[in-house]
Amino acid sequence: MMMKLAILKETEEGEHRVALIPDSIKRLSQKGFAVLVEAGAGSSAGYSDQEYEQAGATLVSSAQKLAEQADCVVKVRPPSLEEVEVLRNSSVFIAILQPALRLDLVKKLAEKQITSFGLDLIPRTTLAQSMDVLSSMSTIAGYKAVLLAADTINRFFPMLMTAAGTIAPAKVLVIGAGVAGLMACATAKRLGGVVEAFDVRPEVKEQVHSVGAKFIEVPVNEDGSGGGGYAKVMSDEYKQKQAELISRHISKSDVVIPTALIPGRKAPILISEEQVASMKPGSVIVDLAAEMGGNCALTQPGQTIIAHGVTIIGHSNLPSSLSFHASQMLSRNIEKFLLHLCDEKGFQMNMEDEITRGSLVTKDGKVIHELTSK
Amino acid sequence: MMMKLAILKETEEGEHRVALIPDSIKRLSQKGFAVLVEAGAGSSAGYSDQEYEQAGATLVSSAQKLAEQADCVVKVRPPSLEEVEVLRNSSVFIAILQPALRLDLVKKLAEKQITSFGLDLIPRTTLAQSMDVLSSMSTIAGYKAVLLAADTINRFFPMLMTAAGTIAPAKVLVIGAGVAGLMACATAKRLGGVVEAFDVRPEVKEQVHSVGAKFIEVPVNEDGSGGGGYAKVMSDEYKQKQAELISRHISKSDVVIPTALIPGRKAPILISEEQVASMKPGSVIVDLAAEMGGNCALTQPGQTIIAHGVTIIGHSNLPSSLSFHASQMLSRNIEKFLLHLCDEKGFQMNMEDEITRGSLVTKDGKVIHELTSK
Amino acid sequence: MSQHIINLIYLLAATLFMIGIKYLSSPDTAKKGNFLSMIGMGAAIGATLAAPEINGFTLIIGGIIIGTVIGAYIAIKVKMTAMPQMVGLLNGCGGAASALVGLAEFQGNSTGFTPFTLLTLLLSLIIGGLTFTGSLMAYAKLQGLIPSRPVTYRGQQAINGIIVLATVALSWLVFRDSTNILAISGVLVFSLGLGVLAVIPIGGADMPVIICLLNAYSGLAVSMTGFALSNNALIITGSLVGASGIFLTKIMCDAMNRSLANVLFSAFGKVDESAAATGEIPTGTMKGYEVEDVATILANAGSLIIVPGYGMAAAQAQHATRELADYLGEQGVEVRYAIHPVAGRMPGHMNVLLAEADVSYDQLFAMEDINDDFAATDVVLVIGANDVVNPAAKTNPNSPIYGMPVLDVEKARTVIVLKRSLNVGFAGIENELFYMDNTRMLFGDARSSLQKLLAALKK
Amino acid sequence: MSQHIINLIYLLAATLFMIGIKYLSSPDTAKKGNFLSMIGMGAAIGATLAAPEINGFTLIIGGIIIGTVIGAYIAIKVKMTAMPQMVGLLNGCGGAASALVGLAEFQGNSTGFTPFTLLTLLLSLIIGGLTFTGSLMAYAKLQGLIPSRPVTYRGQQAINGIIVLATVALSWLVFRDSTNILAISGVLVFSLGLGVLAVIPIGGADMPVIICLLNAYSGLAVSMTGFALSNNALIITGSLVGASGIFLTKIMCDAMNRSLANVLFSAFGKVDESAAATGEIPTGTMKGYEVEDVATILANAGSLIIVPGYGMAAAQAQHATRELADYLGEQGVEVRYAIHPVAGRMPGHMNVLLAEADVSYDQLFAMEDINDDFAATDVVLVIGANDVVNPAAKTNPNSPIYGMPVLDVEKARTVIVLKRSLNVGFAGIENELFYMDNTRMLFGDARSSLQKLLAALKK
Amino acid sequence: MNPETIIIGLTMFILACFAGAELISKVPPTLHTPLMSGSNAISGIAILGALLATGHPESFNSISVIGFLAVILATINVVGGYLVTHRMLQMFKK
Amino acid sequence: MNPETIIIGLTMFILACFAGAELISKVPPTLHTPLMSGSNAISGIAILGALLATGHPESFNSISVIGFLAVILATINVVGGYLVTHRMLQMFKK
Ligand SMILES: NC(=O)c1ccc[n+]([C@@H]2O[C@H](COP(=O)([O-])OP(=O)(O)OC[C@H]3O[C@@H](n4cnc5c(N)ncnc54)[C@H](OP(=O)(O)O)[C@@H]3O)[C@@H](O)[C@H]2O)c1
Ligand SMILES: NC(=O)c1ccc[n+]([C@@H]2O[C@H](COP(=O)([O-])OP(=O)(O)OC[C@H]3O[C@@H](n4cnc5c(N)ncnc54)[C@H](OP(=O)(O)O)[C@@H]3O)[C@@H](O)[C@H]2O)c1
Ligand SMILES: NC(=O)c1ccc[n+]([C@@H]2O[C@H](COP(=O)([O-])OP(=O)(O)OC[C@H]3O[C@@H](n4cnc5c(N)ncnc54)[C@H](O)[C@@H]3O)[C@@H](O)[C@H]2O)c1
Ligand SMILES: NC(=O)c1ccc[n+]([C@@H]2O[C@H](COP(=O)([O-])OP(=O)(O)OC[C@H]3O[C@@H](n4cnc5c(N)ncnc54)[C@H](O)[C@@H]3O)[C@@H](O)[C@H]2O)c1
């Protein structure tokens, strides 16, 4: 039996990515997958229908027709409830699901007996890195955040000593030095900015130095590392000291890029309105936590606003803007994930397996994922 | 007698710069200038009225009142005919004038017996470099062009080898390696792009290498250097070979930044529609010659269009987007120029002086500048 | 030939020896140096044969012919890899010759020695004797004729002490009566024994140092013979060899970061530990290596693959890495970089840093493109990488990283790993690469190690 | 004291001298080395005073006291900058002493010399004599007592030749009759003359080499005296000094990239040219400098300002620049960069490149912020800059760049300029900085010059 | 053997030690093995003593047997040493 | 002076030359000036000859005058040389 794999076209506004690109399809076909693609699925990411056909995919004109035939449907963004409607009962569905934010979606998937996997739930182990969409999308977000900031601000990033005077370099503050934060540090450094970073996990100090940025330390002895390399919620004393420290540095910064997330929770508010007001007019905040509510009190997810002369960018889907490469990375992640889940005979669903178990959201009508099922 | 110097607020749409910033005014006041500033002149560049007052300037609420009192008026962009109306007869006026494009403006200035200087006409000698607004604004344009391209394109600039596959670096082609072109090369290199540059003047080869980019050579033995470090018009054979060469490289490039200008003429068309069509969809062209008509046949000055899947950015005033630093540089240039033209007793107008003579457009009712008077 | 002319020729020979050693300090002139040294030796031998004292030639010529045949045969037959033990063996011959000359002198001229002569004669006997057997033991250990591991037993130190004392006591007897053949033979026998006992507790890996030291001893023995015979040529040449041997021993000990005492006596009192400590580690010669050794390996490499990891980033060693790579590239080494997809702590970490250091993209290879090339590569330089070069991912199903593709660095001829310690990396697991036969660890901060390597290479 | 013990003490002294020189090879041990050498000298003098031959002490003690007072006085009074000529003067004293000892020997023992002794005596007389006057001339040139430029005249070579021949001829007479006082005095006088004539055609800038060479000569003279007196202490010490002096001379010539012959004879046959060539150039000592010299200057700098220009960019030498700066910084040199606003070919050119090389912004100073600091700076390193350091912008109203602010590099103690040639820069004008007294040009591609400098510093 | 000869011998010993140590200290690590075997060959100079012992006028006695052995061993050292060194140095040709 | 003494002298001469040259070749350029003056001081060893000449039994003749002068000059060389070297080395302290 050949596994029928279907790629849906994204429907969300501003989403330009595609779940699998022709390159991956070529390899998956060789491994015994039959791939169906909704017409035009890749066009906004720079992959034409023709390329898909050449890679061995069958073009299907509507999502409806596609879903009817498919054993497994892949997609980038969480589906709308209507999209779930279309899916075949008991089929397999893979996407970035963010189940904790979408309980009704999860219910619906369970009702339809769909076996669904959340790409965002894949454990962040060394072994799973090649399927880790959070890492790859964070990489893009960190890079893009700096470009957005540099393109928005009314200043240069690099220092320049010219006949028309000396241009001071931009001061960039990155809050939260996870994957996105480190990439933001590295990119801002490349462009010539003076970069500082802050994180609650002290072990990232070395990592921040390793990309050429300065690390700001909170003078309290508390380790912010939660399980699995993620951050935990901090004590009040720590929070206060942190706020003071960040205040001092924010008011001197031209660009602030907060990236702090705590898994499964709303993002912590790290930048208050007063702190925004203390910044120079013309400064820029790119809030990478926008989708989870934002690290800045004034952030409007999905919007760019100007408050106290400071531009606050709450873009909630930065990876989509690098649609070509973002799709390439996603596609590689999904390809590896698919190959992990199944062999030519079909899905194996080894529930012993950490990766499979960790990313499974619904199966046989039940909600499996811990955080969500709570 | 104290020289009264007036700074007008810019009126053109999208112009955020200001001709003099508080820092320069402080120094000019010490040298004996009395400075008047139109209220709000610097606000869009990040310099508040308060800062101007602290620097010793007098705020004046309207352009009319300002011009009535001033011995000398400075401004960034060429004035509209209405703005000229306001100027006092026989006063001195300094701005970027682009007289060759604005013959009626020049006539009007001459009629009003105004002594006008074009900042864009200051000769590009070593000695005049500190007043050279073309150099400083080109620096900004080159930098900004790359940022715009990087922010627009759906790809990464740097090469990245990740668990989600290898990201190929962006290929950037810079056509014309003057000040803006070199800065574009350097900035694209910084961001991790693979940069090639092309120019008709062979001596820039070494300069291109000096910013870490590759130089593309046309296999014809013709030197494109005109006088004063500018380019001249090239022979037909050369043009054909150049077109072939550029074709080959354009079709492989993700980003093309043409900057080729020939003084006093429309910019040469170096990129045809077919060449644009040969590029990958999603690629970007940032045409730095847009204001002079553009180096790309499809460029719409002042607009961003998408043709054949390629985004063509025809932004005609990039320096304005870095308003803070652009104003700082302009201000320093204008300050040095003013100090060159006059001492505390007033304007000296030494017509022996190369810089004064070179930048003078109208005086005593006559049009002086060569290119314009022809 | 008059003694004066002979002495002048001896002087010439000594000068040629010195020039020969001087020329050995550069590969370009080394061969010439060896020839000059040979000429010196030939001249000295020729002059001696022309000396008035010598009038029976049969034995001499016979001896020389036999010696030449044997010497030439073994020198030509020996495999390149067996060179160190061969040098040891030859050295033993030299020591034996000195001891025999001393013995002959005792026989020939049994009375009328001044105390000084007697002292030097005894020393040449003792030193020559122990050089002989010590060298034979070193040879046997390296050649695998006897086990190369340190041989220790209870009471070893006591036994050695007793033998030393006995030798001294017998020497005293000889000193008092230089015709006491029994005592003389006793001294010889005990010194032969000393040579054996001194070398057996030393491990095979340390044998090169021992050979070097014994070389110095044979020089000393010659010098002593020279004093005994009032022969300046022997004195000078012997001391030349002695001093250079001792110096070389010191250099080699320094390179291993150990003291000579540690080399000579490390086995004592470690009878129990050593067995336990070797537990997992295979034939444990791969302790820490020193900059000079690693530099030598790099200098002689034809192809090199650099594998950067998080340690390079943490040490901010990207510039130092490029400098070293560029230098080796200029010297004709083929240099490439192998970038593991998850090296570092963020995707593309290595790319960002290497681009900053202006490493050309053409030199960077992704894992899948370069993994097959390791087997045909001379040297792999692992700079602060750990998990991404851990063979456990391929071989150990119980490892948490089992199944992750890793760089096959261990397939290369030699693997050099720059790290600060044997500490684990991000995944927190041990790495058996560090204990493999073809791996050399260079401990220290990656940046400073690289800088030292470059300095050593440029010397 | 028995002669044997005296000889042993001499041996000890010689050993101490050698150890002393060895210790001089590192600044950390150099002082100790000098002390050891002093002790050796004291021991040798003490032992000699205890020798049986010596029984009149008045003159000796008087001489030693007078010598000590004079020696100590001038050694303490001399200015640090006058050290080289002081060494020359002292060296002259040593040469004179050798010559006088030779003379005394002739007087005391006018018959019964073996030919060898006679030869060595004559040599010690000649070499000692010319060392004396040669050193005095070198002193006078450096001290400015006589003009330091090369003094040449028509027929100079012929005259020198004649004097050499005369010395040889007179020596022959002495050889045949060692009591011929007239001939002996003649030899002395002519060798004194030779010393003068050999040094006057050599320019002041080359005097350090000459002093070094004369130092070697005085060693040789001592050695010859040693042979004449059969005194091993003198032989060994003299040859030690002689060999090291000659070696040092060679090193210094190499560092100036000239042969010894060129130093000694360059002035001959150049009587006319030299005047013309010096035209614009001030006291023309500033030819091309070599890496070693420049490295020495850098190694001894307390503060350094680096001035990069377009040449650094063209040579892509930004990484090499940072490496050198970082290394010097680690050695305790205060390093800053002075960035001229129009250095390079685009605004901010230097910033972009230095940022790529990871030079911290804190080290970069704009012209207006650093221009006043040059005067208090030891060394300025100009890397491929030209127009932006051209003093003509301040001093020459006819220059096309007159009035442009430039970096005041020439106010620093020493200016080192790295360029490939004396070619002009963008503005196409000559730069008199390159001819100034405190400027040293290091020609070559900036990148490779910097790399060589770093290698030389690390040695 | 009189004290003077001893002192002269000592002097030479010390001088040669200095020269030897200084000469060696400049040899790069790559050349340490050839150097070891080269200086080992030189130490075969003991052959001079062996020759003198063997060539003694009175023919064939215990001394000449010992001397004979010594000549053989010393020759092996010399010949083998130089040849081995030579072979090693062969590998250094560019 | 017999040939043997000459040969011994020559031997020492050559050995010392080697030792001297090798020792010097390791001195870094910064230390060349102190080295020059340090070895210059050593060359004042000529004082031994001067002492022997001056201390001759027969008192006060032309020889002792010459010797006296030689002692003075050699002492200047020795004392001045060491002191100058010392002063230069003072500057090298960190
Ligand atoms: N690339 C990514 O996106 C990403 C993100 C998160 C995690 N990871 C994980 O990180 C690991 C990356 O592997 P890796 O081989 O690059 O690194 P690694 O396994 O973490 O090993 C790094 C090694 O570098 C050494 N080191 C640290 N500082 C050093 C210094 N200053 N000088 C010399 N050595 C130093 C450490 O050993 P000593 O302490 O003994 O010196 C350490 O063993 C993988 O496990 C990967 O899964 C990767
Ligand atoms: N910054 C700007 O915006 C800008 C724009 C255009 C023009 N300019 C003009 O450019 C000039 C800049 O001054 P500058 O002092 O930086 O440069 P410069 O005056 O042009 O001098 C550069 C020097 O570098 C040397 N050089 C070139 N390649 C080299 C190499 N590979 N290695 C070593 N040396 C090398 C050249 O001498 P050799 O040939 O002897 O080696 C040359 O004299 C000014 O005149 C300025 O007005 C500046
Ligand atoms: N095993 C692997 O190979 C692998 C792969 C990818 C990521 N990871 C690790 O997973 C971890 C999480 O990466 P991520 O980028 O997804 O993190 P994330 O997006 O969850 O959080 C971003 C950063 O914000 C920080 N943060 C949280 N609260 C903060 C606060 N109040 N103030 C300041 N900073 C705060 C966190 O410490 C984290 O560094 C990292 O350590 C990363 O190295 C490991
Ligand atoms: N004296 C000084 O210090 C000083 C100061 C500033 C600029 N300059 C020099 O002035 C010159 C002009 O600088 P700019 O940036 O204003 O130049 P520009 O804006 O006039 O032109 C940009 C570049 O386009 C190139 N070009 C023209 N036609 C072309 C064609 N058909 N194909 C390809 N390239 C073409 C030109 O050669 C030039 O390099 C440069 O050489 C610069 O170094 C000198």
Side-chain angles (χ1 to χ4, degrees), chain C residues 17-18 21-22 24-25 27 30-31 34 38 41 44 48 54-56 59-60 63-64 66-68 70-72 74-75 86-87 90-91 93-94 96-98 100-101 103-104 107-108 114 116-117 212 215 218-219 222 225 227 229-230 232 234-237 239-241 243-244 247-248 292 296, chain E residues 1 5-6 9 12-13 16-17 19-21 23-27 29-31 33-40 42-55 57 59 62-64 66-86 88-89 92:
Chain C
F17 294 156
M18 286 193 279
I21 295 183
K22 188 167 177 57
L24 268 179
S25 59
K31 266 166 96 178
N34 198 37
M38 282 186 210
M41 183 63 76
T48 311
I54 294 196
N55 21 33
L59 281 180
I60 289 182
I64 289 185
I66 297 176
T68 305
I70 300 179
I74 57 180
M86 184 48 49
V87 174
L90 295 172
N91 190 39
C93 294
S98 290
L100 290 178
V101 172
L103 203 59
Q107 301 261 311
T114 66
F116 184 80
T117 313
C212 220
N215 195 10
S218 76
V222 169
T225 318
F227 276 111
L229 305 184
S230 293
N232 286 337
L234 293 194
I235 298 182
I236 295 176
T237 315
S239 46
L240 212 56
V241 174
S244 64
F247 208 88
L248 203 50
E292 290 286 333
T296 310
Chain E
M1 177 173 275
T5 335
I6 297 179
M12 295 193 176
F13 183 74
C17 284
L23 283 168
I24 293 301
S25 66
K26 287 225 204 83
V27 179
T30 17
L31 286 168
T33 318
L35 171 68
M36 192 161 86
S37 89
S39 70
N40 170 44
I42 297 176
S43 80
I45 193 82
I47 193 173
L48 301 193
L51 294 177
L52 292 172
T54 319
S59 68
S62 69
I63 297 182
S64 29
I66 296 178
F68 178 64
L69 275 180
V71 170
I72 294 178
L73 288 170
T75 311
I76 293 178
N77 187 352
V78 170
V79 174
Y82 280 122
L83 276 180
V84 164
T85 312
H86 184 71
M88 277 191 256
L89 291 177
F92 280 88

Toward chain E, the part of C:N91 with a non-hydrogen atom under 4.5 Å
both
Counting only heavy atoms closer than 4.5 Å, note whether C:M86 contacts chain E via side chain, backbone, both or neither.
side chain
Roughly how far apart are [X] [atom1] and [Y] [atom2], rounded to 0.5 Å?
| X | Y | atom1 | atom2 | value |
| --- | --- | --- | --- | --- |
| E:I42 | C:M41 | CD1 | CE | 6.5 Å |
| E:N77 | C:I70 | CG | CD1 | 12.5 Å |
| E:S43 | C:F17 | OG | CZ | 10.0 Å |
| C:L24 | C:K31 | CG | NZ | 12.5 Å |
| C:I236 | E:F13 | CD1 | CZ | 11.5 Å |

Heavy-atom pairs under 4.5 Å with chain E are the metric here; pick the option from [options] that has the most.
| options | result |
| --- | --- |
| C:I74, C:V222, C:L103 | C:V222 |
| C:V101, C:T225, C:I21 | C:V101 |
| C:G67, C:A30, C:G71 | C:G67 |
| C:A44, C:S98, C:G219, C:A97 | C:A97 |

In terms of heavy-atom pairs under 4.5 Å with chain C, which of E:T85, E:V79, E:V78, E:L73 leads?
E:L73
For chain C, find which of E:L35, E:L83, E:N40 contributes the most heavy-atom pairs closer than 4.5 angstrom.
E:N40
Residues C:N215 and E:M36: closest non-hydrogen pair is ND2-O, 3.0 Å
For E:I47, is it the side chain, the backbone, both or neither that has a heavy atom under 4.5 Å from a heavy atom of chain C?
side chain
Determine whether the side chains of E:T75 and C:T68 contain a donor N or O and an acceptor N or O closer than 3.5 Å.
no
